Amino acid sequence: MLGLMQDWPLLLHRIIDHAAQFHGERKVITRSIEGPIVETNYAAIRARALKVAQRLAKDGIKLGDRVATLAWNTARHLEAWYGIVGIGAIYHTVNPRLFPEQIVWIVNHAEDRMMFVDLTFVPLLEKIADKLPTIERYIVLTDAAHMPAATLKNSLAYEDWIAEVDGDFAWKKFDENTASGMCYTSGTTGHPKGVLYSHRSNVLHAFMAALPDSKGIASRDVVMPVVPMFHANCWSLAFSTPMVGATLVMPGAKMDGASIYELLNTYKVSFTAAVPTVWLMLLQDLEKTGGKLPHLKRVVIGGSACPRAITKTFQDTYGVEVVHAWGMTEMSPLGTLCTMKPEYAQLTGEAQLDVKMKQGHPPFGVEMKITDDAGKTLPWDGKTFGRLKVRGPAVARAYYKVDNDPVFEKDGWFDTGDVATIDQYGYMQITDRAKDVIKSGGEWISTIDLENLAVGHPKVAEAAVIGVAHPKWDERPLLVIVLKKGESATKEDILGFMQGKTAKWWMPDDVVFVDEIPHTATGKIQKITLRQRFKDYVLPGVQAAE
Ligand code: ADP
């Protein structure tokens, strides 16, 4: 027997309809690419998104077509997303931090028909546009006054382009399983892989993301997504913020400490989210200026492991709650968030910080397990680590135009490629990427644990641990350090600091100091490059190969 409830497809543009109707006056504030800070609201965003939809239809864009965006977080980018999905086309966010050849590869693989581009990236595109044959037209997200001399195919200023229609338009109707968005994961080996979201998966994920034990945002919040829209759906904030009707602050192209601080305080931001590197910059800036964060209540930090020092400083010095989070492009992206369940609620000080170093527990809609290499489920004791696998309505079941990728297992589980523990209360902690974990004498050493420990040293700015070949143990850890500007330290200082805080056999065999550690386009340490660089490194006490 079927239920007798209405069939109301979970379509993304219904979110902006709701925001416009019930929170229409709520502000959307943007640091514009042209410079000034500009304000609009949800009612206006919806009206202009309808124009985008109408204008796209006039350009012949239809259900299932891919429309790329190469843009920062701004109100225009947001309007473009809702306009694209409102006719059943697919927003394809392109990460501008990728190498130009990678951008060429993914745009061709996605066969994007149009591209919305910020002024910042016009020069980049001009260099590669002749290699993008599927793109029929470029829309530059600006007005006529700021429009550069047009060299891109059929290019127009966004404001002129939408001015050609009147906005008297209705969203198209289609099934909730229709594709809505697309994002390629960096793919540290081989080509990037396309994740194709649906309206249903994105809407369900937005609900999950807004829950009290997830981001816990409400209409009274002022939300600033510093995490870019091109990084895994900006962790749902472009959907969950209008869904709850919160004020939205978009940081545009400026992500340095001073610019972020200006927005946080001027607009009384209460909730924000980004990768650890952004917060490191902000905290260093505050240390210099003596700035305070009286309005900020909560910050979600994820994308890579959040160093203990960041959590501690936010909480102890600035009174801001840190929620550590883990996710993946393939998961829309949220997987777990580290909010306190009653079992841990009474903890304080270092014991609380120990829990906050974990990536947390999943919201409803994410199933999770850890297994050994043979697929046997492992116990939830907080110590045993294994391959982390997930399932859920916002988890990918295949990559775009790739058949039978083994990460999508037969029984519906997705192998995340992460290695993790899960404790008795269901808190997951990442110990490593499966390909980064160090195998020493048949036992596993977590590089993330060692890195977290090393960055706790007051003179260390960044740390990376990689496995280096060892004749007896197969691999042993090498610690690579970038010191804070103007600081000096020795190998003995660093190892002395780590001594006693980790198992003896986990201690790095050697420490090297470098000026810079390479990063991926989404801000993660590029271990593959580091391993390449140190592949012939000879650890102390080991005979160099002839
Ligand atoms: P990309 O590989 O394109 O950067 P993702 O953002 O999807 O794409 O990266 C997901 C991976 O990032 C996860 O599988 C995990 O290894 C890592 N990651 C994300 N959040 C955390 C976290 N809080 N702690 C440790 N690792 C994390």
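None of these values were measured; they are calculated from a predicted model. All heavy atoms count here, side chains included; hydrogens, waters and symmetry mates do not. Counting starts at 1 for both ligands and their atoms, in listed order.
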- Item | salt_bridge(Asp221, Lys215) N-O dist < 4.0 Å | no
- Query: For ligand 1, which atoms have a heavy atom of Met328 less than 4.0 angstrom away?
  - Reply: 7 (O), 10 (C), 13 (C), 14 (O)
- Structural part of Ala325 in contact with ligand 1, heavy atom criterion under 4.0 angstrom: backbone
- Item | Min heavy-atom dist Thr185 to ligand 1 below 4.0 Å | yes
- Counting from 1 in the order shown, the ligand 1 atoms closer than 4.0 Å to a non-hydrogen atom of Thr329 are 5 (P), 6 (O), 7 (O), 8 (O)
- Query: Stepwise, does the side-chain contact (heavy atoms from CB on, under 4.5 Å) test hold for His191 with His109?
  - Reply: CA-CA 10 Å; His191 286 304; His109 189 260; over 6 Å; no
- Task: Please name the residue in the list Leu337, Thr336, Thr339 that meets the side chain to side chain contact (heavy atoms under 4.5 Å, CB included) test with Ser214.
- Result: Leu337
- Just let me know how Asp418 lines up against ligand 1, side chain, backbone, both or neither, with a heavy-atom cut-off below 4.0 Å. side chain
- Query: Purely on distance, is any nitrogen or oxygen of Thr416 under 3.5 Å from one on ligand 1?
  - Reply: no
- Lys524 N/O to ligand 1 N/O under 3.5 Å: yes
- Output field: ring centroids Phe116/Trp81 closer than 6.0 Å: no
- Task: For atom 17 (C) of ligand 1, state which one of Gly303, Gly335, Ser304 supplies the nearest heavy atom.
- Result: Gly303
- Message: When you compare ligand 1 with Ala305, is there at least one nitrogen or oxygen pair between them that comes in under 3.5 angstrom?
- Response: yes
- With sequence neighbours excluded, what pairs up with Trp279 under the ring pair (Phe, Tyr, Trp, His ring centres under 6.0 Å) test? Phe314
- Query: Crowded around Lys401 NZ? As in, over 12 foreign heavy atoms under 6.0 Å?
  - Reply: yes
- What do you reckon, are the aromatic ring centroids of Tyr400 and Tyr184 less than 6.0 Å apart? no
- Pro333: heavy atom below 4.0 Å from ligand 1, yes or no? no
- Task: Can you sort out which atoms of ligand 1 are near Thr522, meaning under 4.0 Å from one of its heavy atoms?
- Result: 1 (P), 3 (O), 4 (O)
- Query: For ligand 1, is there an atom lying under 4.0 Å from some heavy atom of Gly417?
  - Reply: no
- Query: What are the atoms of ligand 1, with element, lying closer than 4.0 Å to any heavy atom of Gln359?
  - Reply: 22 (C), 23 (N), 24 (N), 25 (C)
- Query: Considering only heavy atoms from C-beta outward, does the side chain of Trp72 approach that of Phe121 to under 4.5 Å?
  - Reply: yes
- Task: Could you list which atoms of ligand 1 come closer than 4.0 Å to a heavy atom of Trp326?
- Result: 13 (C), 15 (C), 18 (N), 19 (C), 20 (N), 21 (C), 27 (C)
- Message: Check contact between His231 and ligand 1, using heavy atoms of the residue and a distance below 4.0 angstrom.
- Response: yes
- Item | pair Trp444-Lys439: side-chain heavy atoms closer than 4.5 Å | yes
- Report yes if some heavy atom in the side chain of Ile217 is under 4.5 Å from a heavy atom in the side chain of Ser240; otherwise report no. yes
